[in-house]
Amino acid sequence: MNERVFVYARRMAVADVLAPWEAGLNPAQTEAVNHDGDALLVIAGAGSGKTRTLASRVARLLGDGADPDRVLLLTFSRRASREMLRRAEHLGASRASARVWGGTFHAIANRLLRRHGAAVGLAEGFTILDQGDACDLMGVVRAEFGLAERGRRFPKKDTLLDIYSRVVNSQRPLAITMKEHFPWCTADVDEVAGVFSAYVARKRDRNLTDYDDLLLYWRALLTDSPVADVLRARFDHVLVDEYQDTNLLQADIIQGLAPRGRNLFVVGDDAQAIYGFRAATAANMTDFPNRFPDCRVVTLDWNYRSTQPILDVANAVLTGARGVFPKELRTARDDLVPGNISPPRLVRVPEEGAEANYVCDRVLEHREHGIALRDQAVLFRTGHHSARLEVELGRRNIPFIKYGGLKFLEAAHVKDLLAFLRLLENPSDEMAWHRVLGLLEGVGPATTRRVLEHLSLPDPTAVRRFVDDPPGVPPRAAAHLELLRATLGDCLDVAGQNGDASTAAEIEAIRARVGPLVEHKYRAAESRMADLEQLQAMASASPTRSQFLSELVIDSPSATGDLAGPPHLDDDWLVLSTIHSAKGGEWDVVFVIHAADGNIPSDMSLSSREGLEEERRLFYVGLTRARDHLYVTYPLRFYVRRHALDDLHTWAQPSRFLNPTAGLFEDVTVEPTAADLAESAPGPDKVTSQLTSLWA
DNA sequence: CATTTATAAATTTTT
DNA sequence: TTTATAAATG
């Protein structure tokens, strides 16, 4: 929703006797907000006021006396849920909205399982494995099967986790899933099944869950548990955002929560389905009326966000789409002076450096014209597409924040420190032991295995035993083992003194002893140590260690320390984001960069029709984020880092999705400057410079 | 025999 | 920048 309409709505509320949440809604939105009883499916095109409708509905429900503690709002990210509840509050729901259950499927599952996990065999204090840990655990199990030694190729741990996750989330048999999505491993179906059952057993044994387990256990709570009846009746109202990006498992959970669809409200747009790789399926939307035969369907089709020329481009991109209900976005904006609308620009640049320059120039230009940095965004297909731009932004002192790509939590040193906390939380957390022991010099896989045998997990007192009765290790590792023993001993002391409120103190103790090790192990020690301090600050804001760890895994902060220039000098920064992470966002100015074939659509997805279609929708999502100004840029030439030292360039075509947009863009061609040429050829690369000059 | 070091290879999107 | 495998080392 756009802020202007929002302000208008509040003004209206004062003028009329309408409730605040009713003002300024169009008829379809009003129906969605006021509908009661049977299930409701809202098909909401991009920019059609979906967020506003959801927020208004929450406000309306609370205004009508619904118990906020019995309202569940499932969103795609923590950010989205916070934002929606904040708006609900402004729309008259007052502070009650803070008590609404809002969050992602995974976060809500965690919250419920902390309370009711025992009913499905999950002991208190379970720890959640993030992607990397789950992957490593899969690797451990895989190694134990000795499959690598047979001389035959066997799927790697990453592939195994992919297969596993897809089977769980799509709820389809292993053999079929492998045949459809991993045909090159079908010969090993039986062995894969064996590894998976061992993986599942190991997690259960060590009181570990992965992301998928959170959903599996939640569904189990609703269907096969002593508390199923209680939990099915737990919520009076269920609202689901981004329904097109839910998978079958999530659809099952929804049905478990509202078996007859009573007071169930889901919103989605099949044209924006971009999580197929995670087994999400827009079929959940088409299937909704089958699951809930009495459901009502409302379509929101007026666009309150973008100018018509921007929507024309988006519409054109979608014309070739398969399997999407045809849509034609029309603008409802009336604040625009016809002659004053900025045409979408398709910008051809010689190479990445020029692209970065062009974007920086335009960003600053718009800023001069009064559009703050935070109202501008640069979007791209994959995390590293912004690398060149980030350098340039840094050079020009333009602050930015980047969403997507490598996260704070994924940095090795952060994981190292968290592993200690996880041990304190769950002494049977095998992966945490692996990580902590691996930190010690002179300790490798073999010593780790021996130590773990000595500890004979699972055992809730493993840490205490490790401290009191340390295992024997090779002489070279003895000193470091002693350090580890002392550190864990300190932690136990801290925990014993202050109880759960001492997470920050624990981190302090760990940093004091192990910090030098971390410093020694990695480069760029200063910024890494700063990260650890930051971690400590974050921990002091969490009431318990358990909550701190869970929230970090489920809702990891996106890329801290990514601010360029003097941070916090002013509160304004440019947004850089993968298109996936930009879902639901909107900005006055949007740049979609690297829009070359091979980037969008990504080469990786060209093997299947569905893959290609998802890329098209992804591009569509990127374009429809723009309110007033849209730039699509593509470099004619860019690096492909095949090998670390390779300096290979690829000649690019504009994205094939741009074909139907002929005449809808204003074409811009940036000529290469001498500086570009010098910069872009960091070696004696005469041929490429000569080729480039052909295009000058 | 276990661990470290050298060498080569591979890199989407996220909870 | 990290990650699996092979050779070298203690």
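- For the salt bridge (charged side-chain N to carboxylate O under 4.0 Å, His left out) test, no residue two or more places apart in sequence or in another chain qualifies with Arg278(A).
- Within 4.0 Å of Gln131(A), counting heavy atoms only, lies at least one base atom of the nucleic acid.
- Atom CD in Glu610(A) sits about 20 Å away from atom P in dT13(B), given to the nearest Å.
- Judged as a side chain to side chain donor-acceptor pair (under 3.5 Å), and not counting sequence neighbours, the contacts of Gln272(A) are Asp269(A), Arg625(A).
- In this structure Thr104(A) satisfies the side-chain contact (heavy atoms from CB on, under 4.5 Å) test together with His106(A), Ala107(A), Ile554(A), sequence neighbours excluded.
- With sequence neighbours excluded, the residues forming a ring-ring contact (aromatic ring centres under 6.0 Å, His included) with Phe466(A) are Trp433(A), listed by chain and number.
- At dT14(B), one or more side-chain N or O atoms of Thr578(A) fall inside 4.0 Å of OP1 or OP2 (strictly under the cut-off).
- Helical stems in DNA chain B, defined as runs of 3 or more consecutive Watson-Crick or G-U wobble pairs with donor-acceptor distances under 3.5 Å: B:1-10 with C:1-10.
- The side-chain contact (heavy atoms from CB on, under 4.5 Å) search around Ser165(A) returns Asn169(A), Asp212(A), not counting sequence neighbours.
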Listed pairs, N/O of protein and of nucleotides 4-8 of chain B, under 3.5 Å:
unit_1 : atom_1 : unit_2    : atom_2 : d
dT4(B) : OP1    : Gly442(A) : N      : 2.6

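- The ring-ring contact (aromatic ring centres under 6.0 Å, His included) check on Tyr217(A) picks up nothing, with sequence neighbours excluded.
- By the side-chain contact (heavy atoms from CB on, under 4.5 Å) test, Ala479(A) is found to be paired with no residue, residues two or more places apart in sequence or in another chain being considered.
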